[in-house]
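Positions are given from 1, in the same order as the sequence printed here. Counting starts at 1 for both ligands and their atoms, in listed order.
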Amino acid sequence: MSKIVKVLMWIGGVIGIIVIALITYVQLAWDKKFEAPYPKIIASKDSALIARGKHLAEGPAHCISCHVPMDKVKVVENGALMPLSGGWEMTIPPGTFRAPNLTPDKETGIGTMTDGEIARTLRYSVNNKNGCVFPFMPFQELSDEDLTAIVSYLRAQEPVKHYVPRTEYSFLGKILFAFGLFKPEGPKKTPPKSVPIDSSIAYGSYLAFSVANCYGCHTNRDLKTGEFIGEPFAGGLVFVPDVFTEGASFVTPNLTPDKKTGIMANWNETMFINRMKGGRIHKGTPMPWALFARMDDVELKALYRYLRSIKPVSNKIDQIVYAPGEEMK
Ligand code: HEC
Ligand code: HEC
């Protein structure tokens, strides 16, 4: 055997050992447990509070767009209402994520979870098994009052027996956990006890960031890590084709009041409210239009005022909708 071949074999052996060690480490270390406090949230039987929770879940906070069976996703998008029995799933590089059953069924739903466990999942992204919940949900800064309303509504639903398998991580997902690249998302500032519900800019900002996720979709993000890389509300986030978009691709428009590139710069309040109540125009769009159409005039006015008050950012989005198979610019 020549010297070169021997050296190559030696290098190959070392790489092999490193790879095996890495795989073993990831398999042993990925299933990390996290700590987070339990918010002092106690579900209530108060009918006004339950109604508020139902409105949030079926409207601005759009829990119902994900926590329903896969074959019900489209009917919900078209405006149907039903208990949150879970089942929506999405496969992305870190794994297959499944939205669990949130009805009070004891075997397959949240029947045996405490109020504190449910509230902690939403506020600190740590579930009742101390595992990390992937950042599909932007509710870390919901007010105590709204969090109570939502938990009260979940408890008040009729129990539905519907088993949803747990989320499964791919090897990539496990690597992210094993090396601590992935951690539960908590609130960035102390969540308010309650927020005044009126058509103020402050309430609009609360809705846009902490309830309706306008910020999460209308701000550009790194598609691999979810990190925000664009100016707030300046658009540019790409939705690649999947089962939900029916093969189409979307790029979110710029919602800032920039005269040239902000789509709403020339909309008055009435135009905005009518558009938001008008429902979806583009087939397959990821924006939950039918659910947002349930927002009332106070909420929509607040959102309009907030979006008009933010810094104009020049960011031209050439095309918003790409038909199936159409090449993106
Ligand atoms: C964009 C889709 C989406 C929306 C909207 C959404 N969820 Fe979820 N939810 C998920 C997914 C996916 C998971 C599973 C995440 C994981 O396994 O890491 C989840 C997990 C949960 C869990 C954790 C349960 C457990 O057993 O670990 C709770 C509680 C929950 N969601 C409540 C809600 C509530 C309440 C709302 C509305 C206020 C909501 N979700 C809105 C997708 C969504
Ligand atoms: C899940 C992602 C997502 C969320 C959440 C979301 N949007 Fe959108 N939005 C989109 C996409 C994609 C489009 C472009 C396709 C379309 O018009 O449906 C869009 C389009 C729009 C438009 C332009 C409609 C038109 O006819 O030109 C407005 C206005 C808008 N969004 C406002 C909002 C507001 C306000 C919120 C929060 C209450 C919000 N969006 C939340 C993804 C989202």
request  = Would you please test L255 and I263 for side chain to side chain contact (heavy atoms under 4.5 Å, CB included) and show each step?
outcome  = CA-CA 6 Å; L255 300 183; I263 54 153; 4.0 Å; yes
ask   = side chain to side chain donor-acceptor pair (under 3.5 Å) between S152 and S44: does it pass, once the steps are laid out?
value = CA-CA 5 Å; S152 305; S44 154; 4.9 Å; no
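Using cut-offs of 30° and 60° for the angle between ring planes, the F34 and F177 rings count as tilted. Ring orientation note: the planes of F228 and Y215 are close to parallel, at an angle under 30° on the 30°/60° scale. Note on ring orientation: taking the six-membered ring where Trp is involved, the planes of W88 and F136 are perpendicular (angle over 60°, cut-offs 30° and 60°).
Distances from atom 8 (Fe) of ligand 2 show that T252 has no N/O/S atom below 2.8 Å.
Interface atoms of ligand 2 facing L255, defined by a heavy-atom separation under 4.0 Å, are 28 (C), 29 (C), 30 (C), 32 (C), 33 (C). For ligand 2, the atoms sitting less than 4.0 Å from at least one non-hydrogen atom of I320 are 14 (C), 15 (C), numbered in the order shown with element in parentheses.
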Find all protein N or O atoms under 3.5 angstrom from an N or O atom of ligand 1 and list the pairs with distances, or write 'none'.
unit_1: ligand 1; atom_1: 7 (N); unit_2: H67; atom_2: NE2; d: 2.8
unit_1: ligand 1; atom_1: 9 (N); unit_2: H67; atom_2: NE2; d: 2.9
unit_1: ligand 1; atom_1: 17 (O); unit_2: T167; atom_2: OG1; d: 2.6
unit_1: ligand 1; atom_1: 18 (O); unit_2: F134; atom_2: N; d: 2.9
unit_1: ligand 1; atom_1: 31 (N); unit_2: H67; atom_2: NE2; d: 2.9
unit_1: ligand 1; atom_1: 40 (N); unit_2: H67; atom_2: NE2; d: 2.8

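Contact annotation: P253 has at least one heavy atom less than 4.0 Å from an atom of ligand 2. Within the structure, ligand 2 lacks R280 among the residues with a heavy atom less than 4.0 angstrom away.
If you check the side chains of S85 and T103, you find no donor sitting under 3.5 Å from an acceptor.
At least one test fails for R308 against the ring of W267: distance under 6.0 Å to the centre or angle within 45° of the axis.
Contacts with ligand 2 closer than 4.0 Å are made by no heavy atom of L207, backbone or side chain.
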